There are 2 protein chains.
Amino acid sequence: MTQKMAGTGRRGAANQRADAQRNRAKILAATVTAIRKNPDASLSDIAAEAGTGRQTLYGHFRTRPELIDAALADSIERGEEVLSQVPLDGDPVEAFQRLVASSWVLVDRSRALLAAAQKELPATRIREMHEKAEARMRGLLERGQNEGAFRSDLPVSWLLTTTHVVMNGAAEEVRADRLDPEDAPWFIDAILLPAFTSPAQPGQPR
Amino acid sequence: MTQKMAGTGRRGAANQRADAQRNRAKILAATVTAIRKNPDASLSDIAAEAGTGRQTLYGHFRTRPELIDAALADSIERGEEVLSQVPLDGDPVEAFQRLVASSWVLVDRSRALLAAAQKELPATRIREMHEKAEARMRGLLERGQNEGAFRSDLPVSWLLTTTHVVMNGAAEEVRADRLDPEDAPWFIDAILLPAFTSPAQPGQPR
DNA sequence: ACCAACTCATACGTGCATGTCTGACTTGTA
DNA sequence: TACAAGTCAGACATGCACGTATGAGTTGGT
């Protein structure tokens, strides 16, 4: 809702017809769902999913990477609207739980798109888009470490990776019908909290 | 070295020339490395990586799925030779550490191939190939639960998934040069052991 | 040394996805 | 209502990967 430079696709760009804006949104949404069904979905598939002609799609996005980029950027922007509302102050552990619970849903929704993007977009671009979200989580983990709530014998980057990876694992299990989406946040916490709050641990401290 | 029914590729099948066997092996190995470099490697790429002509490849494997299948089966078979040597008795936690340390290397080596296989092979086939390895790990986790070494408030399937997922995460970090391969097993244990051995935990027990 | 097994270059056919173009048609908007 | 903006079907060019020949040349085994 803020910057909306709209630069990506259309000809003139600035003045879009209401009609066109709706189609653009439909295509963006369809990209997510189509790629979720089939990670290698073609532009035809996506256009079909959106209920629009292939030509219309090309009218909005000149190339495939451009579409993927726009779809991912859109997803992330919507995610930001949710994540930025999560209160991060107070007990780091509780804040972490809140943030994970909110993030989980987003990850579950757009991880297929992310995977597709990793194939077609430069890694730097993807990092750039995730910047805010990553900084938020990293900041919280760091604070947790400083306050002694999270263990400090592991680098924040590894805690971050672990968090991502476990959320993705849960998403996979849900997709394979081996896990109820409702239970996912609890399962994730059940792994991450003890893993992150544990003291130095018996294993060799190196 | 045991069953080797050789049925997959060649014409006569039973009697292979020494020459041909070597090429077959080279191609299998090249498949792993080529796909690791580029998950979408074409058969040309793989043949080139193997230092052989594309036609030779087709002489051994009639179709792409057949090649992928053979390469994955081969990788897993080699893995089995290692994993079957790991002693699983004694303290479950220590056994788990041993098994993870050995598995990790294998996962790191062939996870790209696995991903490719998931696209081209029926899921049942992949499960079938992983049967032994999965049963081994599952059995150990179950024993650990029964003996009270691992927590029992989470299903074994979720412990299993978590293990996979964390090992894969470590592999990704290594690939991105953010983690030293030497440290990986320790990082993995540092997450999994507290996560698996922790008692009921403060969080809502449901 | 001989024959079969194998390799490999070249070439061909096919299917599919991307991206471009054209022209007729519909729909917003001023 | 008139015009620009947008939609959409159809056709076309291109490139790539797969899979299938064919034939001449090598190489292994006996």
Side-chain angles (χ1 to χ4, degrees), chain A residues 6-31 34-35 37-71 113 115-117 119-121, chain B residues 6-31 34-35 37-71 113 115-117 119-121:
Chain A
T8 7
R10 213 54 178 175
R11 328 179 200 287
N15 39 1
Q16 294 243 134
R17 222 166 68 178
D19 194 3
Q21 285 182 12
R22 238 176 311 148
N23 271 334
R24 190 189 144 95
K26 274 201 295 181
I27 291 171
L28 253 21
T31 303
I35 289 210
K37 288 183 195 170
N38 168 18
D40 294 321
S42 74
L43 295 190
S44 297
D45 297 335
I46 295 175
E49 176 79 36
T52 144
R54 199 165 67 98
Q55 305 321 307
T56 304
L57 191 157
Y58 275 103
H60 287 281
F61 309 96
R62 270 198 290 275
T63 78
R64 185 176 224 276
E66 193 173 304
L67 170 62
I68 301 291
D69 188 298
L113 179 61
K119 271 198 208 171
E120 329 213 11
L121 266 38
Chain B
T8 6
R10 213 56 177 171
R11 327 179 200 288
N15 39 0
Q16 295 244 134
R17 225 166 65 179
D19 194 4
Q21 285 183 14
R22 239 176 310 149
N23 271 332
R24 189 190 145 95
K26 275 202 295 184
I27 292 172
L28 252 21
T31 302
I35 290 208
K37 289 182 193 168
N38 168 18
D40 293 321
S42 72
L43 295 190
S44 298
D45 297 334
I46 295 176
E49 176 79 34
T52 143
R54 199 165 66 99
Q55 303 324 306
T56 304
L57 192 156
Y58 274 104
H60 287 281
F61 309 97
R62 271 199 287 274
T63 79
R64 184 176 226 276
E66 193 174 304
L67 170 63
I68 302 291
D69 187 299
L113 179 61
K119 270 198 208 171
E120 328 213 11
L121 266 37

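Reminder, nothing fancy here: chain letters follow the sequence lines and each chain counts from 1. Computed from a predicted structure; not experimentally measured.
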Figure out the [atom1]/[atom2] separation between [X] and [N], and round it to whole Å.
X       : N      : atom1 : atom2 : value
B:Leu57 : C:dT7  : CG    : C1'   : 12 Å
B:Tyr58 : D:dG23 : OH    : P     : 21 Å
B:Arg64 : C:dG15 : CZ    : P     : 20 Å
A:Phe61 : C:dT18 : CZ    : P     : 15 Å
B:Arg24 : C:dT7  : CZ    : C1'   : 17 Å
B:Arg62 : D:dA21 : CZ    : P     : 12 Å
A:Gln21 : D:dA5  : CD    : P     : 15 Å

- Message: The criterion is side-chain contact (heavy atoms from CB on, under 4.5 Å); which residues satisfy it with B:Ala117, sequence neighbours excluded?
- Response: B:Ile68, B:Leu72, B:Leu121, B:Ile126

Has [X] got a side-chain N or O lying under 4.0 Å from the OP1 or OP2 atom of [N]?
X       : N     : result
B:Asn23 : C:dT7 : yes
B:Thr52 : C:dT7 : no
A:His60 : D:dG6 : no

Considering residues at least two apart in sequence or located in another chain, which fulfil the side chain to side chain donor-acceptor pair (under 3.5 Å) criterion with [X]?
X       : value
A:Arg22 : none
B:Ser42 : B:Asp45
B:Asn38 : none

Distance-minimising heavy-atom pair for [X] and [Y]:
X       : Y       : value
A:Arg54 : A:Ala47 : CA-CB, 3.8 Å
A:Leu57 : A:Leu43 : CD1-O, 3.7 Å
A:Arg24 : A:Phe61 : NH1-CE2, 3.5 Å
A:Ala41 : A:Ala34 : CB-O, 4.0 Å
B:Gly51 : B:Lys26 : O-NZ, 4.4 Å
B:His60 : B:Gln16 : CE1-NE2, 4.5 Å

- Rounded to 10 degrees, the angle between the two terminal axes of the helix from C:dA1-D:dT30 to C:dA30-D:dT1, each from five pairs: 30°

Distances for protein N or O near nucleotides 26-30 of chain C N or O, under 3.5 Å:
unit_1: C:dT27; atom_1: O2; unit_2: A:Arg17; atom_2: NH1; d: 3.1
unit_1: C:dT29; atom_1: OP1; unit_2: A:Ala18; atom_2: N; d: 3.3

- Note on the structure: The salt bridge (Lys or Arg N to Asp or Glu O under 4.0 Å) partners of A:Arg64 (sequence neighbours excluded) come to A:Glu120

- Should B:Leu67 and B:Leu28 count as side-chain neighbours, where that means a heavy-atom distance under 4.5 Å? yes

- N/O donor-acceptor pair, side chain A:Gln55 with base C:dC21, under 3.5 angstrom: yes

- Query: Which ones in residues 41-50 of chain A lie close to DNA chain C, meaning a heavy atom under 4.0 Å from one of its atoms?
  - Reply: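 Result for residues 41-50 of chain A: A:Ser42, A:Leu43, sorted by number.
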
- For A:Arg54, report the nucleic acid contact type (base, sugar-phosphate, nothing); a contact means any heavy atom under 4.0 Å.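 Since a base atom lies under 4.0 Å of A:Arg54, the category is base.
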
